[in-house]
Amino acid sequence: MSVSLEVSEFVAVVRLDKPPVNALSRDTRHRLIQVFDEISERDDIRVAILTGTGKFFCSGADLKDRPSADKPGDFLDHNRWTRETGNAIRECAKPVIAAVNGPALGAGFGLMAACDIFLASDDASFAMPEINVGLAGGVSMLRTMFGRSFTRHMFFTGMRVPAAELYRRGVLDEVVPAEELMPAAMRLAQEMASKSPIALAYAKQAANMMDVMPQRDGYRFEQNITMALSRTEDAKEARQAFLEKRPPVFKGR
């Protein structure tokens, strides 16, 4: 199976497992969408981590599984699944942490960009190399991370950028030695999973909405969420636990 799912203590670990470089075929994209849709609906999952097996996070699209320009509808079908792969992660009801364990290239870089929080190993690297094989794509994703000039620099040259440079530019939250990546991601995931699951789901929804709403409307949207959350059992439990100086026990309602 090209994508695996493991769940423990409210944290899901999703691993790209398609040796040698975790390239994205159509079947792999289908499986990723299926996994993140499942995560959205499982009550025993509050946070997800996306990572890769081996020395690659994801090399991007599988060039052995390209659509045929001579087959009507094949390119459109391929493009639809490509879009929905990122959307399944971005729209997942639970926060998703990217633990980038090696090169994240092209569509692999796009997978990271669809996540909520970015961590990487110090040997990870990033590129949109489509220009090197006579194609172009990904500028809509790059512009969410970089300024105008650097976005175009990466897009027009296909240059590979080390993790340290993305950390310097404020894109990555943390860069650690390879052996410390999953422990760091798991610590963060467990901290997030200790929060009220209903509040966490609303927080993910609010964060996504803020990307597309004006500040005034966005803040009102958040206020409405806060008002709704204040009536939940979890909110009452959080207040009571604070007064009693004990950890809260959340039920997700």
Side-chain angles (χ1 to χ4, degrees), residues 1-5 12 14-41 48 50-53 56-94 96 98 100 102-116 118 126-146 148 150-161 204-205 207-213:
M1 188 172 290
S2 58
V3 180
S4 66
L5 172 64
V14 181
R15 294 183 188 275
L16 294 166
D17 189 9
K18 191 170 182 288
V21 294
N22 299 326
L24 292 173
S25 64
R26 233 177 286 202
D27 286 345
T28 304
R29 293 184 186 280
H30 293 177
R31 174 61 180 158
L32 272 172
I33 293 167
Q34 179 185 52
V35 165
F36 278 99
D37 284 347
E38 178 182 336
I39 288 170
S40 284
E41 295 196 337
L50 175 63
T51 192
T53 57
F56 265 74
F57 176 71
C58 176
S59 65
D62 189 343
L63 295 181
K64 297 177 182 178
D65 189 29
R66 294 294 298 166
S68 171
D70 298 325
K71 182 180 178 182
D74 197 40
F75 242 106
L76 292 176
D77 179 76
H78 173 270
N79 290 348
R80 188 177 305 280
W81 286 110
T82 298
R83 291 194 303 273
E84 288 308 312
T85 306
N87 289 339
I89 298 170
R90 188 177 297 105
E91 297 168 5
C92 181
K94 317 296 170 62
V96 183
V100 183
L105 311 177
F109 197 1
L111 288 184
M112 186 198 85
C115 297
D116 296 289
F118 313 144
F126 306 83
M128 298 302 292
E130 284 82 354
I131 198 76
N132 296 331
V133 291
L135 301 173
V139 72
S140 61
M141 178 271 292
L142 288 173
R143 66 187 292 272
T144 67
M145 298 183 177
F146 306 108
R148 183 178 187 274
F150 195 73
T151 290
R152 294 177 183 228
H153 190 167
M154 288 191 71
F155 192 52
F156 296 162
T157 67
M159 70 174 181
R160 192 178 292 202
V161 183
K204 171 68 183 276
Q205 183 181 352
N208 278 352
M209 292 301 294
M210 294 314 102
D211 286 342
V212 297
M213 293 179 74

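For this chain, numbers begin at 1 and follow the sequence in order.
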- Under the side-chain contact (heavy atoms from CB on, under 4.5 Å) rule, what do Val100 and Thr51 come out as? Steps first, then yes or no, please. CA-CA 6 Å; Val100 183; Thr51 192; over 6 Å; no
- Query: Taking only residues two or more places apart in sequence or in another chain, which ones pass side chain to side chain contact (heavy atoms under 4.5 Å, CB included) with Arg152?
  - Reply: Arg148, Phe156
- Can you name the residues that form a salt bridge (Lys or Arg N to Asp or Glu O under 4.0 Å) with Glu84, not counting sequence neighbours? none
- Task: Could you tell me whether the side chain of Leu111 reaches within less than 4.5 Å of the side chain of Leu24, counting heavy atoms only?
- Result: yes
- Message: Other residues, nucleotides and ligands only: do more than 12 of their heavy atoms fall within 6.0 Å of CZ on Arg83?
- Response: yes
- Task: Could you check if a side-chain atom of Leu16 sits within less than 4.5 angstrom of a side-chain atom of Leu32, using non-hydrogen atoms only?
- Result: yes
- Query: Can you name the ring-ring contact (aromatic ring centres under 6.0 Å, His included) partners of Phe150, sequence neighbours left out?
  - Reply: Phe146
- Task: Kindly say whether Val3 contributes a backbone atom to a donor-acceptor pair with the side chain of Lys18 at under 3.5 angstrom?
- Result: no
- With sequence neighbours left out, what residues match Met213 under side chain to side chain contact (heavy atoms under 4.5 Å, CB included)? Met209, Met210, Asp217, Phe221
- Message: Looking at every non-hydrogen atom in both residues, tell me the closest pair between Ala98 and Met112 and how far apart they are.
- Response: CB-CG, 3.7 Å
- Do Phe36 and Val14 have side-chain heavy atoms sitting under 4.5 Å apart? yes
- All ring-ring contact (aromatic ring centres under 6.0 Å, His included) counterparts of Phe126, not counting sequence neighbours: Phe109
- Message: For Lys94, give me all partners under side chain to side chain donor-acceptor pair (under 3.5 Å), at least two apart in sequence or on another chain.
- Response: none
- Query: Listed by chain and number, what are the side chain to side chain donor-acceptor pair (under 3.5 Å) partners of Ser25, not counting sequence neighbours?
  - Reply: Thr28
- Message: Using every non-hydrogen atom in the two residues, find where Gly106 and Pro129 come nearest and quote the distance to one decimal.
- Response: N-CD, 3.4 Å
- Message: Nearest 0.5 Å, please: how far is CE in Met141 from OG1 in Thr151?
- Response: 9.5 Å
- Message: Can you give me the closest heavy-atom contact between Lys204 and Cys92, atom names plus distance?
- Response: NZ-O, 2.9 Å
- Going by the salt bridge (Lys or Arg N to Asp or Glu O under 4.0 Å) test, which pairs reach into residues 30-39, not counting sequence neighbours? Glu38-Arg42
- What residues form a side chain to side chain donor-acceptor pair (under 3.5 Å) with Thr53, not counting sequence neighbours? Asp17
- Query: At their closest point, which heavy atom of Ala93 faces which heavy atom of Ser40, and how far apart are they?
  - Reply: N-OG, 3.0 Å
- Go through the structure and list residues passing side chain to side chain contact (heavy atoms under 4.5 Å, CB included) with Thr82, not counting sequence neighbours. Arg29, His78
- Note on the structure: Scanning both residues in full, the closest heavy-atom pair of Glu91 with Asn208 reads CA-ND2, 4.3 Å
- Run the salt-bridge test on Asp116 and Arg90 with the 4.0 Å N-O cut-off and return the result as yes or no. no
- Set of side chain to side chain contact (heavy atoms under 4.5 Å, CB included) partners for Phe155, sequence neighbours left out: Ala136, Val139, Leu142
- Item | Heavy-atom pair of closest approach, residues Pro103 and Phe56 | CB-CE2, 3.6 Å
- Task: Measure the shortest side-chain to side-chain distance between Ile39 and Leu5 over non-hydrogen atoms and say whether it is less than 4.5 angstrom.
- Result: yes
- Item | Those residues that, when tested against Asp77, pass side chain to side chain donor-acceptor pair (under 3.5 Å) (two or more places apart) | Arg26, Trp81
- Under 3.5 Å donor-acceptor, Asn22 side chain and Gly52 backbone: no
